[in-house]
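Structure, as structure tokens:
Numbered from 1 within each chain, the chains take letters A, B, ... in sequence-line order.
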Amino acid sequence: MAETINSVRGMRDILPRETKIWQIVEREAFNVIEEFGFEEIRVPVVEELRLFQRSVGSFTDIVQKEMYVFKDKGDRLLALRPEATASVVRAYLQHQLHAKKRVTRLYYSGPMFRYDRPQKGRYRQFYQIGAEIFGGESPYFDAELIVILSRILNRLKVSHYSFEINSVGCDRCKIEYSNILQKFLILRANELCQDCQTRLRHNVLRVLDCKVVSCRDIIKDVPSIQQILCDGCKKHQQTIYNCLMNHNIQFIENSHLVRGLDYYTMTVFELKINGEETAVAGGGRYNNLVKDLGGPHTPAAGFAIGMDRLCDLVAPETKEGIEILVFFLGDKALQQGTILINNSRIEGIKLILDYNERSLKNHLKVADREEAKHVLILGDDELVENCFLYRNMKDGSQKHIKFDQFSNFLKGLKNV
RNA sequence: GUGGGUGUAGCUCAGCGGAUAGAGCGCCAGACUGUGGCUCUGGAUGCCGGGGGUUCAAAUCCCCUCACCCACCCCA
């Protein structure tokens, strides 16, 4: 036997048992998102490396150590997308969507790639469904995103979740707070971990969610960003909170929540399942990204759902469609029966043909093992009578169905 | 990138220096030739993840490697 080849590290197959759940999750998520007026956009998986350096940030972990980067035959420096917001903004600008509508709501879904060590709920190829709002300044847009996420979870019957929310401040607050933080931390720079020393120079805010004990010790003395926020930022945040409370959505303020992408301004949030560390979805506001990527000043906000993680939380649907297992006794029955069946198929009923030659007994054994509920038998005896033999595997009852009544019979089954 | 765990039959796992590598479940066949579930009988199946080493002898001990799982970093 030849050597078998397996999928590469961190990239997995999603098998039928799971794709059933994925289909449910996708359906519900798309439904909710569309109910809020979002339209689908499909963007490439490959982009210029520069796009992610400029949006996600050159000094983020994502860009520095987790990206799949390669050169194509034309010597272009490309990357597999580690996230999709950058691509959506790129497309938004490339096609001048900003000129067509004041507020543009877009959503996407598809695989993302990060060269990470795989572990629970984390893969090198993982899937996100995301939504972005362009041209919306109001805090109600931020809240809308969170309401959408909450509705999706509710439809999927996932409870025990809550949102963590913070503000990293508007342009001015973000800079002011960064300065305060920098001044404060620089005094004790030698006590910080290696990573935080570089963060100190390139992205101070990230020091806030460092998990190293010695760093945490220093961080706890740092003034909270909540004390620094300007009136505008405070009001923005408070409006979101009020809105969420009125929607009965659980959330807590986490003043250390920063997120690893540089483009966020003001609102950042994560969706967490109670008792779990990793977030199922995350997002926030990015008022400067469109401008930074060469467009007009356009306030925007969005979220991304980690599908691999969300699907782990959803129970499979219990009600299943009608499936009928069909088998034949003898070659003549097989020949004629196959045609008859294929010509009578109707929507909503699965007719699964078994072409194997077995004794009736063994056929029923197989049907039993595969937990078939309905079985259709066609053998010589039936053929001369122009009928199928239908057997209900649950109660063992059976009856003959004339060929010309077969379609009606199927319709009848559907309505039971 | 760092740390820990695990790789033996299709699946779950036992065996942890000694003979032909086992169990349960599953699979195939028969008892029972057109009526399933229960029972009984028989059967097939393994590069013991891969490579190297130690040894009279390796699934078992050592080294390397790959994969998976878990945690950290980071993120969805």
Side-chain angles (χ1 to χ4, degrees), chain A residues 1-12 56-57 59-67 81-85 109-130 149 193-196 198-199 203 206 209-213 215 257-261 268-273 276-284 302-313 325 327-330 333 356-375 377-383 389-398:
Chain A
M1 218 157 55
E3 184 196 5
T4 57
I5 299 173
N6 294 111
S7 62
V8 313
R9 178 151 220 221
M11 309 208 176
R12 59 165 178 161
V56 176
F59 292 99
T60 57
D61 283 17
I62 293 175
V63 169
Q64 284 218 310
K65 49 180 218 193
E66 292 173 6
M67 228 172 4
R81 61 180 184 198
E83 60 116 43
T85 300
S109 86
M112 310 295 158
F113 303 86
R114 288 182 203 170
Y115 193 88
D116 243 6
R117 222 18 139 59
Q119 66 186 57
K120 190 180 179 65
R122 195 159 74 192
Y123 306 93
R124 289 183 175 178
Q125 174 172 337
F126 61 101
Y127 297 83
Q128 289 186 335
I129 290 180
L149 286 171
C193 73
Q194 208 59 52
D195 286 340
C196 282
T198 45
R199 285 175 187 141
N203 191 351
R206 300 292 315 291
D209 66 357
C210 183
K211 271 90 183 175
V212 177
V213 195
C215 295
L257 180 65
V258 171
R259 305 187 51 75
L261 295 86
V268 292
F269 59 84
E270 286 185 352
L271 168 58
K272 286 195 170 170
I273 300 303
E276 304 261 337
E277 253 313 301
T278 48
V280 171
F303 68 71
I305 303 170
M307 288 295 285
D308 307 79
R309 290 173 184 182
L310 180 54
C311 288
D312 272 353
L313 302 170
L325 187 63
F327 59 76
F328 308 94
L329 302 168
N356 281 313
E357 281 204 44
R358 288 194 200 88
S359 65
L360 176 64
K361 171 187 282 296
N362 283 333
H363 264 125
L364 286 172
K365 233 179 216 173
V366 170
D368 183 58
R369 206 184 308 127
E370 294 180 359
E371 295 179 326
K373 308 251 183 332
H374 312 277
V375 155
I377 303 156
L378 185 65
D380 293 338
D381 296 359
E382 286 76 24
L383 219 47
L389 179 62
Y390 164 79
R391 180 175 175 86
N392 180 323
M393 294 295 282
K394 250 183 170 162
D395 57 22
S397 66
Q398 42 186 51

message: Using a strict threshold of under 4.0 Å (side-chain N to carboxylate O), is an ion pair present between R12(A) and D308(A)?
response: yes

task: Measure from CD on Q119(A) to P on C69(B) and round the result to the nearest Å.
output: 10 Å

query: What interatomic distance, in whole Å, is found between P of C61(B) and the corresponding atom of C16(B)?
result: 10 Å

message: From CG of N362(A) over to C1' of A31(B), roughly how many Å is that when rounded to an integer?
response: 12 Å

field: Out of G36(B), A71(B), G34(B), whichever nucleotide has its closest atom nearest the side chain of K361(A)
entry: G36(B)

- line: Contacts of I305(A) and L360(A) projected onto RNA chain B by closest heavy atom; the upstream (5') one is L360(A)

Spacing of the P atoms in C72(B) and A76(B) (rounded, Å): 16 Å

query: Over how many whole Å does the gap from F328(A) atom CZ to U35(B) atom C1' extend?
result: 18 Å

Nearest-angstrom distance, P atom, U20(B) to C25(B): 28 Å

message: Quick check for you: among A71(B), C74(B), A76(B), whose closest atom lies nearest to any side-chain atom of R259(A)?
response: A76(B)

message: Just the rounded figure in Å: distance from P of G1(B) to CZ of R9(A).
response: 9 Å

message: Can you tell me whether the side chain of E382(A) and the base of G34(B) have a donor-acceptor pair closer than 3.5 Å?
response: yes

- prompt: If we call it a pair only when both distances are under 3.5 Å in a Watson-Crick or G-U wobble match, what pairs with G18(B)?
  reply: C56(B)

- line: E277(A) CD to A76(B) P, in whole Å, measures 14 Å

- request: Among the candidates A71(B), A67(B), G34(B), find the nucleotide nearest to the side-chain atoms of K120(A).
  value: A71(B)

field: Nucleotide opposite A23(B) in a Watson-Crick or G-U pair, distances under 3.5 Å
entry: U12(B)

query: What's the closest nucleotide to the L329(A) side chain, out of U2(B), G34(B), C73(B)?
result: G34(B)

- prompt: Does the C74(B) base have a donor-acceptor partner in the side chain of R122(A) within less than 3.5 Å?
  reply: yes

task: Give, for atom CG of L261(A) and atom OG1 of T85(A), the distance between the pair rounded to the nearest 0.5 Å.
output: 7.5 Å

- request: For U60(B) versus U54(B), give the span between their C1' atoms, rounded off to a whole number of Å.
  value: 13 Å

message: Quick check for you: among G36(B), A71(B), U35(B), whose closest atom lies nearest to any side-chain atom of M393(A)?
response: G36(B)

- line: Ranking A76(B), G30(B), C69(B) by distance to the side chain of P118(A), first place goes to C69(B)

query: If pairing requires Watson-Crick or G-U wobble contacts with both distances under 3.5 Å, which nucleotide is the partner of A71(B)?
result: U2(B)

query: Side chain of R391(A), base of G36(B): donor and acceptor closer than 3.5 Å?
result: yes

query: Roughly, in whole Å, what's the span from CG in L257(A) to P in C74(B)?
result: 13 Å

statement: Taking a pair to mean Watson-Crick or G-U wobble geometry with both distances below 3.5 Å, A31(B) pairs with U39(B)

task: Report the nucleotide, chosen from A71(B), G37(B), C74(B), that has the shortest atom-to-atom distance to any side-chain atom of D368(A).
output: G37(B)

query: Of the nucleotides G1(B), C73(B), C74(B), which has the atom closest to the R117(A) side chain?
result: G1(B)

field: G52(B) versus U45(B) - spacing of their C1' atoms, nearest Å
entry: 29 Å

message: For the C1' atoms, the ones on C48(B) and on A59(B), what distance do you get once it is rounded to whole angstrom?
response: 4 Å

message: In whole Å, measure the gap between the C1' atoms of C68(B) and A31(B) for me.
response: 44 Å

- request: Determine the interatomic distance between P on C13(B) and the same-named atom on C74(B); round to the nearest Å.
  value: 33 Å

Rounded distance [0.5 Å steps], CE in M67(A) versus OG1 in T60(A): 7.5 Å

